[in-house]
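Everything on this sheet refers to the single structure shown next.
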Amino acid sequence: MFYMKNKLGAWQVGNSPTQGKVSFAVFFPLDANPNIKKIQVAGDFQNQLDPAINDWEFDKGFELTESIIPEGTIWKFQSENELQSGFYQYKYLITFNDDSKRYISDPCTRYSGSTNQNAAFVIGGSQPTDNIIAPLKNGRKPVSELIIYEIQIYDFVADFNHGKEAPLQAIIHKLDYIKDIGFNAILFMPWTGWKSQGYNWGYEPIHYFSVAFQYANAIDKPAEKLSWLKLLINECHKRDIHVIMDGVYNHTSKDFPYKQMYLNQEDCPYTGIYEGSFSGLEDLNFNNECTNEFIRDVCLYWIEEFKIDGIRFDNTVNFYKAGDTKGLNKILDEIDSFLNNKNELNFSLTIEHIQKDACTAVNNTKANSYWDNALYEVTFNSLWEGTISTKLLNALNNRQYLIDENKVPSLYLSNHDHSQVAFRAGARKNRGSMQWNKTQPYVIALFTSTAIPLVQAGAEFAEEYFIPENDEDTGRRVISRPLRWKLCDDKIGVKIKKLYHRMAKIRRDYAGLCSNNFYPNQWQEWQTQFNTEGYGIDLNKQIAIYHRWGISENTLQKFIIVLNFSDISHEVCVPFPSNGTWTDLLSNYDGSWRSHVYDNKLCFEIGPNWGHVFFQ
């Protein structure tokens with residue numbers, strides 16, 4: 001890892017817990033000349049290093065020295081005196097060859113500052129030996145066995161933390177809750193440092209090696225920043241919860257420090273259009289090798305230093321080219337090679353590739369999952385129109401489009417980009433989550449699909465925020481929506497939470513549901529009635545029936561799923577692949593309904609907005 005191996009950014013010299021010198025280093029690749037005459041560093045540590053200098057006195061900032069290396073140039077400075085233990089912030093003053101000047105943050109800082117896009121460093125504090133991250137208690141599970149809970153860190157803790165702890169600390173209080181519901185993986189929306197000081201989703205990164213100050217700041221322990229994330233990951237691993245980070249590598253903020261460090265910012269080799277462009281932000285240019293190496297090192301830093309278990313790659317449509325050896329292809333290849341050399345198995349590499357060629361991208365790269373909008377779109381459209389879609393079965397059977405059985409799509413009823421599914425349930429009648437029961441068959445469908453189930457935090461207790469799909473630059477999309485934890489225990493929250501808990505337990509306990517076997521396969525979406533065997537969709541009754549099966553511990557497990565999406569009960573005659581006793585794993589949440597099937601058929605009444613998961 002070139003960027004960390006050469007200690008780019010700011011680092012303490014030595015491991016003293018009470019004091020230490022500090023070194024700074026800035027790297028420029030061979031690709032383009034930044035036309036720099038001088039680099040000085042200034043911050044809130046200057047007066048301590050030299051009492052004759054005031055803090056943040058840029059014109060008296062300590063000057064970095066340029067050295068030529070085979071890869072380009074490195075500018076370095078190391079203090080002669082030591083700093084006391086603490087958290088310090090800094091910026092660079094760059095003087096260009098035309099004598100113009102610019103105040104710029106550090107693109108390789110491992111700590112984000114509190115204001116003004118400052119970079120930061122820590123002297124002292126806890127030591128690496130104090131922050132060991134243990135591996136997952138029972139090792140990483142195959143991606144097909146993951147049940148993922150998506151968290152926006154600030155929103156997740158805002159209702160109960162009130163600034164008393166660093167948000168990364170506060171999450172730990174809810175890990176047992178997450179595990180008890182049945183989730184074995186957490187996808188954290190971006191924790192890397194972003195450009196603004198206010199609330200942010202994190203999709204405008206500027207400090208790729210850092211944790212956002214807002215997430216890691218504990219007032220009583222200013223030197224502890226990265227350690228909070230390490231502690232959180234370690235606590236997740238103790239509970240056998242995979243940690244997946246959201247990596248934003250297609251684009252960066254227009255305030256990306258590397259771009260600011262070039263006299264002519266268009267000369268910056270890290271930025272520019274590679275394949276597609278993200279409106280309003282700065283694209284990363286993977287045509288240049290330095291960009292590929294930079295993002296590779298960012299990924300490997302989080303993998304090696306923080307022992308994460310997966311990365312979700314945001315907006316991959318703009319840095320993937322079929323057949324190209326750069327961009328997403330190269331990043332995934334090099335991560336896969338790194339993991340293989342370490343003998344690390346089952347690392348999740350998921351792409352957000354909301355395009356028709358998503359399956360092609362997964363089939364042709366080392367990615368092992370992709371975000372699929374199909375079930376979300378079916379669910380939201382059906383809840384609004386009051387009728388299910390014949391697209392439902394193919395949405396649930398999306399694994400049919402992948403050629404490697406070890407690659408598994410990710411499905412969701414909603415995610416951070418969309419309104420909560422409980423809100424959608426009653427939106428048409430202005431009732432929101434009051435009609436939460438309409439979501440029940442969709443929840444059952446999600447957990448019995450061939451894909452990885454992903455659940456947006458709060459969905460399990462019918463949180464009901466509206467999010468505009470397009471806020472037309474009003475700023476009303478990316479705003480704080482704290483989870484209202486009291487909803488977890490009201491009469492709606494308790495009921496829907498039981499369903500999520502039960503379905504997660506079924507998915508976890510019956511590994512056959514993690515297979516890619518699904519019938520009817522390749523459902524023709526013009527069909528509005530069951531097929532000749534009695535499987536498929538009856539559009540008139542709003543009923544879906546499908547068959548799942550798979551091997552678990554050398555035993556064949558068979559499932560018949562029956563879903564009623566209508567508001568009334570229906571008599572159904574359900575086909576079964578074999579006679580004998582079948583257990584309904586869902587009814588009454590205790591699996592107490594056992595029926596003996598004769599002549600490969602069972603007739604019964606199915607209640608409104610409900611379903612059954614029969615098992616043999």
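Values reported hereafter were calculated over all heavy atoms of this structure, with side chains retained and with hydrogens, waters and symmetry mates removed.
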Ring pair (Phe, Tyr, Trp, His ring centres under 6.0 Å) between Tyr154 and Tyr199, intermediate numbers included: CA-CA 8 Å; Tyr154 181 81; Tyr199 179 87; 5.8 Å; yes
Lys/Arg-Asp/Glu bridge criterion (N-O < 4.0 Å) met for Arg477, Asp417: yes
Cation-pi check, Lys174 onto Trp485 ring (under 6.0 Å, within 45° of axis): yes
Proximity of Trp191 and Trp228 rings by center, below 6.0 Å: no
Aromatic ring proximity Tyr442/Phe565, centre distance under 6.0 Å: yes
Arg140 bridged to Glu344 by N-O distance under 4.0 Å: yes
Trp201 and His416 aromatic centres sub-6.0 Å: yes
Ring centers of Trp549, Phe518 separated by less than 6.0 Å: no
Carboxylate-amine/guanidinium contact Lys179 Asp240, below 4.0 Å: no
His251-Phe278 aromatic ring centre distance below 6.0 Å: yes
Stacked cation flag Arg594 on Phe615, 6.0 angstrom / 45 deg: no
Within the 6.0 Å centroid threshold, strictly below: Phe576 and Phe614: yes
Quiz item: cation-pi between Lys230 and Phe306, 6.0 Å / 45°: yes
Tyr376/His418 aromatic ring centres below 6.0 Å: yes
salt_bridge(Arg476, Asp471) N-O dist < 4.0 Å: no
Pair Phe380 + Phe423: ring centers closer than 6.0 Å: no
